[in-house]
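In what follows, a structure is listed as structure tokens, so that the remarks can point back to it.
Labels below follow one simple rule: chain letters A, B, ... track the order of the sequence lines, proteins then strands, and each chain is numbered from 1.
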There are 2 protein chains.
Amino acid sequence: MGVSKTHMFSLTQNELAQAAKVLAHPARIAILEYISRQENCICNDLVDVIGLSQPTISQHLNEIKKIGLLKGTFEGKNLCYCINQERWEELQHSFHVFFTNINQNCC
Amino acid sequence: MGVSKTHMFSLTQNELAQAAKVLAHPARIAILEYISRQENCICNDLVDVIGLSQPTISQHLNEIKKIGLLKGTFEGKNLCYCINQERWEELQHSFHVFFTNINQNCC
DNA sequence: ATTTTATATTGCAATATTACGATAATATTA
DNA sequence: TAATATTATCGTAATATTGCAATATAAAAT
């Protein structure tokens, strides 16, 4: 039907899937990489760098924000997006656990 | 428009996004976790375990197969799905590089 | 050869995602 | 205050994803 039956799965499974969904678009990968390269974290040239329209970039940023990966000032001019280090390491850990816990000794 | 403008991004960015997309559904996380727990890699009870219909499971398995994460026998009865260890470690490495290369010293 | 068992494919409906133009909102600058 | 610059939101169109019923396919068992 197009609706993910999230209730059938564990919280951990859903959270990992949701994080993966945010990374599941090259624009969002590119945005995260670009923000991380900025010294001063003023990211108002994101539109020019990525090459998508301003509303689209805004939408992607919102997806990234929703899982808590960005922190900083979000209002007005000269807004300042930065990677939320704690959240970032949290996700990194989740992916790491997932990848290392998979047992591959078969076949 | 609903089409990802993949041509605007690097191969690395697209590949990571594509891998993330496969992990972006709790059913596929659950499927991978279940397969990895099986000793003998005979996975014909996946439908009962996951709780989605057989066609839906088949579809999800196909998504996982498409990025080379599964190997084994794929035809007929008693088919045998297993994690492709090499591919798995390749993806693990890609995610690891992505997570560690992000510079967070800002704000 | 027919039945049984297990997976794949097709077709369709419902929902989600991606993208952008138009416009609104907010803050800075002149 | 008016003009400018920057981001957010709304509305809409196109495409993708998710899920299942129905059906097809393939191998094994009877």
Side-chain angles (χ1 to χ4, degrees), chain A residues 1-9 13-14 17-31 34-35 38 40-67 70-82, chain B residues 1-9 13-14 17-31 34-35 38 40-67 70-82:
Chain A
M1 304 176 184
V3 209
S4 290
K5 298 197 163 180
T6 53
H7 62 281
M8 314 181 90
F9 306 101
Q13 289 168 338
N14 275 305
Q18 202 171 356
K21 194 177 267 186
V22 172
L23 302 181
H25 196 292
R28 293 193 287 267
I29 300 283
I31 288 172
Y34 179 75
I35 293 180
Q38 296 310 105
N40 50 2
C41 82
I42 291 166
C43 312
N44 54 7
D45 45 358
L46 217 39
V47 174
D48 299 324
V49 174
I50 305 293
L52 293 171
S53 76
Q54 181 269 320
T56 305
I57 296 290
S58 188
Q59 248 179 140
H60 281 306
L61 276 169
N62 215 265
E63 295 298 311
I64 301 173
K65 254 188 274 180
K66 272 199 276 186
I67 57 161
L70 295 179
K71 68 170 183 179
T73 311
F74 293 114
E75 283 153 66
K77 198 187 160 190
N78 291 336
L79 82 176
C80 171
Y81 290 121
C82 299
Chain B
M1 304 176 183
V3 209
S4 291
K5 299 198 163 179
T6 53
H7 62 280
M8 315 182 87
F9 306 100
Q13 288 167 339
N14 276 306
Q18 201 173 357
K21 193 176 267 184
V22 172
L23 302 182
H25 196 293
R28 292 193 287 265
I29 300 284
I31 287 171
Y34 179 74
I35 293 180
Q38 296 309 104
N40 49 2
C41 84
I42 291 166
C43 311
N44 53 7
D45 44 359
L46 217 39
V47 173
D48 299 324
V49 173
I50 305 293
L52 294 171
S53 76
Q54 181 268 321
T56 304
I57 296 290
S58 187
Q59 250 179 137
H60 282 306
L61 277 169
N62 213 265
E63 295 299 309
I64 301 172
K65 255 189 273 179
K66 272 199 276 187
I67 57 162
L70 295 179
K71 68 171 182 178
T73 311
F74 293 115
E75 283 154 67
K77 199 184 160 192
N78 291 334
L79 84 174
C80 172
Y81 288 121
C82 298

How many whole angstroms separate atom [atom1] of [X] from atom [atom2] of [N]?
X: B:F9; N: C:dA19; atom1: CZ; atom2: C1'; answer: 11 Å
X: A:K66; N: C:dT18; atom1: NZ; atom2: P; answer: 10 Å
X: A:D48; N: D:dT6; atom1: CG; atom2: P; answer: 9 Å
X: A:I50; N: D:dT6; atom1: CD1; atom2: P; answer: 17 Å
X: B:L70; N: C:dA8; atom1: CG; atom2: P; answer: 10 Å
X: A:N62; N: D:dT6; atom1: CG; atom2: P; answer: 20 Å
X: B:L61; N: D:dC20; atom1: CG; atom2: P; answer: 14 Å
X: B:L46; N: C:dA8; atom1: CG; atom2: C1'; answer: 14 Å

Identified pairing partner of D:dA8, criterion: Watson-Crick or G-U wobble below 3.5 Å: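 WC or wobble partner is C:dT23.
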
Close approaches to DNA chain D from residues 51-60 of chain A, in residue order (heavy atom, under 4.0 Å):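 Per residue number, the list reads A:Q54, A:P55, A:S58.
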
Parallel, tilted or perpendicular, as decided by the 30° and 60° cut-offs, for the rings of B:F9 and A:H25: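 Plane angle over 60°, so perpendicular.
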
Identify the two heavy atoms, one from [X] and one from [Y], that lie closest to each other, and give their separation to 0.1 Å.
X: A:I35; Y: A:C82; result: CG2-CA, 4.1 Å
X: A:V47; Y: A:S53; result: CG1-C, 4.4 Å
X: A:I67; Y: A:A19; result: CD1-CA, 4.3 Å
X: B:L52; Y: B:A27; result: CD1-CB, 3.8 Å

Donor-acceptor pair, side chain of A:R28 and main chain of A:V22, under 3.5 angstrom: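 Between the backbone of A:V22 and the side chain of A:R28 there is a qualifying donor-acceptor contact (under 3.5 Å).
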
N or O in side chain of B:Y81 less than 4.0 angstrom from C:dA6 OP1/OP2: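 No, no such contact exists.
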
Spacing of CD belonging to A:Q59 relative to CD1 belonging to A:I64, to within rounding of 0.5 Å: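 Those atoms lie 12.0 Å apart.
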
Interatomic distance, A:I29 atom CD1 to A:L23 atom CG [nearest 0.5 angstrom]: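 Spacing of CD1 (A:I29) from CG (A:L23) equals 5.0 Å.
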
Nucleic acid contacts of residues 18-31 of chain B, taken as heavy-atom distances under 4.0 Å to DNA chain C: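 Under 4.0 Å from DNA chain C: no residue of residues 18-31 of chain B.
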
Pairs involving residues 53-64 of chain A, ordered by first then second residue, that meet salt bridge (charged side-chain N to carboxylate O under 4.0 Å, His left out) (sequence neighbours left out):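 As it turns out, the salt bridge (charged side-chain N to carboxylate O under 4.0 Å, His left out) pairs with a partner in residues 53-64 of chain A, which skip direct neighbours, are A:E63-A:K66.
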
